[in-house]
Amino acid sequence: MFAGTTPVIASMAAGWRDSVQARVGVLPEMPSSFASVALLALAAALANDAEPRLLAPYYGQYLSSITPPAAVGGALAAGIVAVRFILGRDPAGRDRDAGSTPSPPLVLSSLASVLISLAPAAAALAAPWAGSLGPAYGPVVAALPVTLATTCALLAAAHVAGLLPAVVLARLMLLSTGFSQRALAASLALVDLDATLAMRCLGLDSPFGPTPAPEAACTAVPAPRACSIMMAAAVLGALSALAAALPSSGAACSRKKASWSLAVVLLVVCGAAFNTLSGALPQCTAWRPEAPQSSVLADFHLRAHEESVTGYVAVVDAPTEYGPIRLMRCDHSILGGIFLEHEGDSIFGSFYFLDFARYIKRAKPSAPRAALQLGLGIGVTAKTLARAGIAVDVVELDPVVYEYARSYFDLPEPRARYLGDGRVYIDSVAADQSYDYVLHDVFTGGVVPGPMFSIEAVQSVKRILKSDGVLAMNYVGRIETNGTRAVIKTLQSAFSHIQLFVESLEYIESETAMYNMVIFAADFEMEFAKPTRADLAVGGVYVSMLETFRDNRVPLERIMTDPEVRVITDKHNPLAGMQVESARKHWGVMRQLFKSEFWSNMF
């Protein structure tokens, strides 16, 4: 059976080759080992694209994206010597016989495809130990199959094409997630070491195109099904093994090689079936349309869930000593929550801080007032502003977040909504001087999107504010970090007056605490009016925060102590690199709020 299958595969490969040659012109001879490396590189690229989606519910998108690729470098450094001086040569230093013995590309392709097929199960099995492993080592352990598969691809490239192409491919793979197209271009270039050919095949200007910022990587493809992508990568790895077994230059393909490669295909198919049927990816709703009740957390109730643009979004009812609450979760972060028995009061008092912009006295207050909410969450600020008679326009990147805020958190119908990138809205959609207030709250998962904090973004916000308008910006971290200082310096370069408030002055004395900060910015001296009787009648957490927040103002002189901190620009935007520690601290805070069983089982 195997002997009869191999000629068919070879015929199919020849047909593919003829079609490509007709499109791009002269195509050099392609040994099977080069075709194997090209397929294997693409498989590794797809697997790395999907891996952060597997790990994000346990570690957050940002930490899942930056940690595992770094491990590839260490594994590659150790393995590159092995593949060149051990796998490719016998103990006497002579090249190994290419007869019936499986070649290094065949071995590496086979190993990589099986590893990739195990990746979803590995992520799910490692989830219960995430709390013990922590945010630094957990993603590395959980992503080990994909890390090893990527290393196999790079080792195969080094063995077949040489060290330089392998280094180029490694550079592309380690830049960031979202690199499948560039990796495909590079793998095709390995065929004849000519990048022009790869560009012509793909219709690209350059295989080394611009790399998306880490914080934007999770929105590169709307709502991908990570398991489907991972299984496609595993199949490509299996095809890579078949390509490595194909005869080169008319040589015969042994039954042993054919048996080996087809056995790999069978293993991958079994792995795909196991991942699909066993529910190894609980956040993928494609195979689980009904939201089940977790047996581990019997008192918690999952109301809705969906994998969406920004990650796994879920609505959960949970018990607390203060009564039942309702939460909205996005991956390893809580976007907000309300008390179900206290008229929907926010469980996080600092979420009301943005609303307090409306108490700032203005020389020429307009009526009716209008506000823009950048980043919705569960809609705490939008609700309080609407209650005060202010027309609210909402900008939210994730349509599922907006839908759940309306359905489960009583968000009033906004005057207008824009479901898309906030930067696009403030740059190109919103009209000049159209808002009295802009409420800027785009923090999630321990990090903020850098492009929303550059001087260009701040100037766009200033353009759409009225002359006496106010910007209220939420930022999470610590006041003494350079990330906080850079944000404040950027705001100071655009607005003449800045005020900073924290949840509690006690927090800033702690060396480990992480807390919400709200920065008010305007072009006039800001003074807060006293709340009216109607404001105080609201009661609850809102009034408690309203009565005390003025006492938690932080003098900017205490913060701006580093003269080397620069204004954030679109070209110079160091926020992503500055937020690694912040993301890890946020992970720890989330684990303190809810035990590990919540994050690993609440799907």
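Values below: all heavy atoms of this structure, side chains included; hydrogens, waters and symmetry mates excluded. Sequential numbering from 1 along the given sequence is applied to the chain's residues.
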### Message
Go through it in stages, so that I can follow the logic: the residues are V140 and T147, the test is side chain to side chain contact (heavy atoms under 4.5 Å, CB included), and I'd like the CA-CA distance, side-chain angles, deciding distance and then a yes or no.
### Response
CA-CA 8 Å; V140 175; T147 299; 5.9 Å; no
### Query
If we only count heavy atoms from C-beta on, is the M473 to V518 side-chain gap below 4.5 Å?
no
### Query
Of all heavy-atom pairs between A149 and A112, which one has the smallest distance, and what is that distance?
CB-O, 3.8 Å
### Message
Do V309 and V400 have side chains that approach each other closer than 4.5 Å (heavy atoms only, starting at C-beta)?
### Response
no
### Task
May I ask you to decide whether K595 forms a salt bridge with E597, counting only side-chain N to carboxylate O separations under 4.0 Å?
no
### Task
Mind running side chain to side chain contact (heavy atoms under 4.5 Å, CB included) on T569 and E456 for me, showing each step along the way?
CA-CA 7 Å; T569 67; E456 291 86 355; 3.9 Å; yes
### Task
Kindly say whether A56 contributes a backbone atom to a donor-acceptor pair with the side chain of Q61 at under 3.5 angstrom?
no
### Query
With distance as the sole test, does R329 use its side chain to make a donor-acceptor pair with the main-chain N or O of D331 at under 3.5 Å?
yes
#### Entry: ring-ring contact (aromatic ring centres under 6.0 Å, His included) against Y507, all qualifying residues, sequence neighbours excluded
none
### Message
With a sphere of 6.0 Å drawn around CD of E506, does it hold more than 12 non-hydrogen atoms of other residues, nucleotides or ligands?
### Response
no
### Query
About how many Å separate CD1 of I559 and CE of M517, when rounded to the nearest 0.5 Å?
7.5 Å
### Query
When rounded to the nearest 0.5 angstrom, what is the spacing between CG in L575 and CZ in F453?
7.0 Å
### Message
Ignoring hydrogens, what is the shortest heavy-atom contact between T444 and S333? Give both atom names and the distance.
### Response
OG1-OG, 3.9 Å
### Query
Do any N or O atoms from the side chain of E503 and from the backbone of N516 form a donor-acceptor pair under 3.5 angstrom?
yes
### Beyond-backbone contact of I488 with R485, side-chain heavy atoms, under 4.5 angstrom
no
### Query
Counting distance only, does the side-chain N/O of W587 pair as donor-acceptor with the main-chain N or O of Y58 below 3.5 Å?
yes
### Task
Under the side chain to side chain donor-acceptor pair (under 3.5 Å) rule, what do R591 and H332 come out as? Steps first, then yes or no, please.
CA-CA 9 Å; R591 291 281 166 157; H332 199 273; 2.9 Å; yes
### Summary
Separation between CD1 (I325) and OG1 (T320), nearest 0.5 Å, reads 5.5 Å
### Query
Can you name the closest pair of heavy atoms from E51 and A119 and give their distance?
OE1-CB, 4.0 Å
### Query
Is T481 reaching over with its side chain to a backbone N or O of R478, donor-acceptor style, under 3.5 angstrom?
yes
#### Entry: CG on L148 to CG on L111, rounded to 0.5 Å
7.5 Å
#### Entry: Any donor-acceptor N/O pair, S64 side chain to G60 backbone, under 3.5 Å
yes
### Task
Evaluate the side chain to side chain contact (heavy atoms under 4.5 Å, CB included) criterion for residues E396 and L419: first the C-alpha distance (whole Å), next the side-chain angles of each, then the deciding distance (0.1 Å), finally the verdict.
CA-CA 5 Å; E396 169 55 47; L419 301 180; 4.3 Å; yes
### Summary
For Y515, the ring-ring contact (aromatic ring centres under 6.0 Å, His included) test, sequence neighbours excluded, returns none
### Query
Are Y475 and H440 an aromatic pair by the rule of ring centers under 6.0 Å?
no
### Message
Just to verify, which of Y62, F443, Y59 counts as forming a ring pair (Phe, Tyr, Trp, His ring centres under 6.0 Å) with H586?
### Response
F443
### Message
Holding to ring-ring contact (aromatic ring centres under 6.0 Å, His included), I want the full list of residues that pass it with F594, two or more places apart in sequence or in another chain.
### Response
F598
### Message
Please find the pair of heavy atoms, one from S582 and one from M514, that lie closest to each other, and give the distance.
### Response
OG-CE, 3.1 Å
### Query
Taking atom CG of L327 and atom CG of L302, what is their separation to the nearest 0.5 Å?
11.0 Å
### Message
Is any side-chain heavy atom of H305 closer than 4.5 Å to one of Y312?
### Response
yes
### Task
Provide the closest heavy-atom pair for A143 versus L55 in the form atom of the first, atom of the second, distance.
CB-CD1, 3.9 Å
#### Entry: Nearest-0.5 Å distance that lies between atom NZ in K585 and atom CD in Q579
14.0 Å
#### Entry: For R423, the option from D570, L397, L374 that meets side-chain contact (heavy atoms from CB on, under 4.5 Å)
D570
### Task
Indicate yes or no for a side-chain donor-acceptor contact from D317 to the backbone of H301 under 3.5 Å, with no hydrogens or angles considered.
no
## Note on the structure
Between P145 and A142 the two heavy atoms that sit nearest each other are CD-O, 3.8 Å
### Query
Does S308 reach the main-chain N or O of G311 with its side chain, forming a donor-acceptor pair under 3.5 Å?
no
#### Entry: Side-chain (T310) to main-chain (D398) donor-acceptor, under 3.5 angstrom
no
### Message
Would the distance check show the side chain of R326 and the main-chain N or O of A318 forming a donor-acceptor pair, the cut-off being under 3.5 Å?
### Response
no
### Query
How are the rings of F348 and F351 set relative to one another: parallel (under 30°), tilted (30 to 60°) or perpendicular (over 60°)?
tilted
### Message
Assess the residue pair W599 and M590 against the criterion (side chain to side chain contact (heavy atoms under 4.5 Å, CB included)); give the C-alpha distance rounded to whole Å, side-chain angles, the decisive distance to 0.1 Å, and a yes or no.
### Response
CA-CA 9 Å; W599 300 106; M590 292 295 103; 3.6 Å; yes
### Query
Do L63 and R584 come close enough that some side-chain heavy atom pair is under 4.5 Å?
yes
